[in-house]
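So that the names make sense, note that chain A is the first sequence line, chain B the second, and so on, each numbered from 1.
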Number of protein chains: 2
Amino acid sequence: MSVTPPPSRLRSLKAVLPSSAVPDGTRRRILEAALQLFASRGFHGASIRDLATALELRPSALYAHFPSKEHVLAELVRMGHEAHHEGLRTALLGAGSEPIEQLRALVRAHTLLHANHPQLAVVVNEEIHVLPPELAAPSLALREQSAALLHAVIERGRAQGVFSVPHAGVTAAAISTLGLRLPYWYEPSAALDVDMLADLHVELSLRMLGVQGPPAPVS
Amino acid sequence: MSVTPPPSRLRSLKAVLPSSAVPDGTRRRILEAALQLFASRGFHGASIRDLATALELRPSALYAHFPSKEHVLAELVRMGHEAHHEGLRTALLGAGSEPIEQLRALVRAHTLLHANHPQLAVVVNEEIHVLPPELAAPSLALREQSAALLHAVIERGRAQGVFSVPHAGVTAAAISTLGLRLPYWYEPSAALDVDMLADLHVELSLRMLGVQGPPAPVS
DNA sequence: GGTATCTGAACGAACGTTCGTTTCGCAAGG
DNA sequence: CCTTGCGAAACGAACGTTCGTTCAGATACC
């Protein structure tokens with residue numbers, strides 16, 4: 001019933017930052033190494049010395065780029081939430097005015113972001129709690145905005161009669177969850193690449209919303 | 001798009017062990033306090049001294065009951081997996097032979113377990129990685145067995161033509177995920193109690209499996 | 001009088017962080 | 001062309017604290 005054990009991928013795969021806003025250099029190298037370490041061992045499980053070792057630096061060198069270990073995490077969490085929100089917003093902008101198309105765009109973007117940046121998804125969702133409130137607040141605000149995008153689309157579709165859903169809140173949570181758990185079981189492969197996965201999540205989401213899918217099963 | 005921020009509930013609610021297999025006494029008190037601490041701060045974020053303080057004991061006293069901090073976690077993880085697997089197995093046994101009824105039983109049990117024991121769900125799913133392989137292995141084996149139960153039901157329903165699903169693996173993951181993310185957003189209330197929630201998850205699962213739900217939306 | 005439980009003190013190791021010094025690329029001055 | 005000075009970056013050593021754990025002795029119960 002549970003899902004396959006967490007993949008070694010989070011441990012082994014090179015972490016990649018989604019944002020091009022961070023210029024190359026040591027600061028970016030630190031963020032990428034920290035992303036990998038925090039994703040695989042957790043914030044408390046990865047020490048400054050581990051991070052320095054991965055970078056072939058001495059621990060003290062890190063403090064020329066970040067004021068503390070917590071600020072490294074805060075920066076990752078902030079970048080993750082911003083990339084996520086921006087991805088959803090952009091997808092929605094290009095999706096026309098039909099609720100079904102809008103939902104398709106949101107679910108696709110949500111799934112692609114989580115499938116392509118699993119480490120960032122894990123850090124954003126599991127380690128944000130260790131941040132003091134003032135460092136977590138901006139990210140939490142973005143999170144609510146992203147949730148509001150989905151709720152608005154579902155509510156509009158329901159008002160128009162194209163969605164028929166037993167409970168809007170639980171259904172919205174279910175749709176979000178499809179993407180959120182991806183890093184824990186999904187690995188891209190030829191048999192199931194990220195694009196097919198996104199399509200499948202769109203199909204599952206529409207089914208939950210009571211929209212008739214294609215008459216013949218895809219596979 | 002994301003889901004509401006993690007509830008204070010994991011921090012504040014008294015942790016309750018699902019299993020009656022652990023007799024009352026200090027050992028049980030340790031497990032319950034550790035469950036609460038590990039769920040709210042993570043294994044590495046909660047120290048032996050924190051645990052002793054919560055129990056009004058001195059750190060050294062814990063070592064009369066467990067050989068190490070890791071063994072406390074290992075016991076929690078083992079109990080969680082065992083309660084989960086046992087819950088699913090029992091539910092399936094009382095569900096007759098129809099795939100739809102079997103799926104309803106599995107999803108109900110899965111949802112109820114996660115909704116009623118959110119701390120244990122969190123610890124089981126997030127902290128199992130810190131265990132050395134030999135301590136994690138029994139739990140991982142149980143996890144695979146539980147996953148197999150769901151897969152078998154879905155495959156049988158598909159073979160009988162009552163389920164129509166674009167991709168069995170992704171759909172199974174989606175159904176599992178419904179429960180797995182519950183601790184992060186759900187709080188029982190009169191407006192949405194655990195029983196309603198389980199029914200909703202059953203309905204969403206059946207929709208994903210292409211089963212016609214009740215003609216009129218429930219709410 | 002043993003057995004189970006807890007205390008108090010201590011252990012070495014690892015933690016995040018600080019700080020004075022060194023290294024190095026590079027632009028300006030003679 | 002060589003020297004000088006400078007700022008950024010990294011080093012090396014150390015700081016005070018907290019970590020998980022050990023152990024001899026006190027206490028209480030059957």
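- A ring-centre distance under 6.0 Å is found for His110(A) and His114(A).
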For nucleotides 25-30 of chain D, read 5' to 3', which letter fits each nucleotide if B means a protein heavy atom sits under 4.0 Å from the base, S means only the sugar-phosphate is that close, and - means neither? ------

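- Glu187(A) is not listed as a side-chain neighbour of Leu192(A), based on a closest heavy-atom distance of 4.5 Å or more.
- Between Glu70(B) and Pro132(B) there is a side-chain heavy-atom pair separated by less than 4.5 Å.
- With sequence neighbours excluded, the residues that form a salt bridge (Lys or Arg N to Asp or Glu O under 4.0 Å) with Asp195(B) are Arg108(B).
- Using a 4.5 Å cut-off on side-chain heavy atoms (C-beta onward), Ile175(A) and Ile154(A) make contact.
- The existence of a salt bridge linking Glu32(A) and Arg29(A) is excluded, since no basic side-chain nitrogen approaches an acidic carboxylate oxygen closer than 4.0 Å.
- The shortest non-hydrogen separation linking Leu76(B) to Leu120(B) is O-CD1, 3.7 Å.
- For the pair Val170(B) and Tyr186(A), the minimum side-chain heavy-atom distance is 4.5 Å or more.
- Among His81(A), His84(A), His85(A), the one residue that satisfies the side chain to side chain donor-acceptor pair (under 3.5 Å) test with Arg143(A) is His81(A).
- Between the CZ atom of Arg27(B) and the P atom of dC6(C) there is a distance of 13 Å, rounded to whole Å.
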Using the 3.5 Å cut-off, write out each protein N or O paired with an N or O of nucleotides 16-19 of chain D and the distance between them.
from, atom 1, to, atom 2, distance (Å)
dC19(D), OP1, Ser47(B), OG, 3.3

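- We find that NE2 of His71(B) is positioned 14 Å from C1' of dG20(D), with the value rounded to whole Å.
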Can you tabulate the close N/O pairs, meaning under 3.5 Å, that link protein atoms to atoms of nucleotides 5-10 of chain D?
from, atom 1, to, atom 2, distance (Å)
dA10(D), OP1, Thr26(A), OG1, 3.1
dA10(D), OP2, His65(A), NE2, 2.8

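- Put simply, OH on Tyr63(A) is 17 Å from C1' on dG20(C), counting in whole angstrom units.
- Across the protein-nucleic acid pair, Leu62(B) atom CG and dC23(D) atom P stand 17 Å apart, rounded to whole Å.
- Shown here are the ring pair (Phe, Tyr, Trp, His ring centres under 6.0 Å) partners of Phe38(A), two or more places apart in sequence or in another chain: Phe43(A).
- Straight-line distance from the NE2 atom of His44(A) to the P atom of dG20(D): 12 Å, rounded to whole Å.
- Listed by first and then second residue, the salt bridge (Lys or Arg N to Asp or Glu O under 4.0 Å) pairs involving residues 47-69 of chain A are Arg41(A)-Asp50(A) (not counting sequence neighbours).
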